[in-house]
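What's counted below: heavy atoms across the whole structure, side chains too, no hydrogens, waters or symmetry copies.
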Amino acid sequence: MTLSLSAVFIPVLFMSGLLGRLLHEFAVTIVVAVLVSGFVSLTLTPMLCSRLSTRSTGGNTGGSTIFSSGFLTGCWPATTGHCKW
């Protein structure tokens, strides 16, 4: 998805005329943002996920696990309240 989205905006870089000059900065910004986002999603996000979410073996539980379980437990009645018929 990232490469195809970047490939769509790359031709805008090579447009000539007034419209090409107006859209040049926009195309550069979009292409760079999409490529950086793809790089982060393939490298940084999995690494942070592996570091922050630890497998619970009955001992130490990671801080993110405690936060997410408490948050989801609090949200559960609000999300399932409309299902009671």
Can I get a per-line list of side-chain donor-acceptor pairs under 3.5 Å for residues 34-44, giving both atom names and the distance, sequence neighbours left out?
| unit_1 | atom_1 | unit_2 | atom_2 | d |
| --- | --- | --- | --- | --- |
| S41 | OG | S37 | O | 3.3 |
| S41 | OG | G38 | O | 2.9 |
| T43 | OG1 | F39 | O | 2.6 |

L13 vs H24 side-chain heavy atoms within contact, under 4.5 Å: yes
Check: Do the side chains of F26 and L22 get nearer than 4.5 Å, heavy atoms only?
Finding: no
Closest heavy-atom pair, V8 versus V12, reported as atoms and distance to 0.1 Å, is O-CG2, 4.4 Å
Rounded to the nearest 0.5 angstrom, the OG1-CG distance for T29 and L23 is 11.0 Å
* Out of curiosity, does M15 fall in the hydrophobic cluster containing L18 (side-chain heavy atoms, cut-off under 4.5 Å, transitive links)? -> no
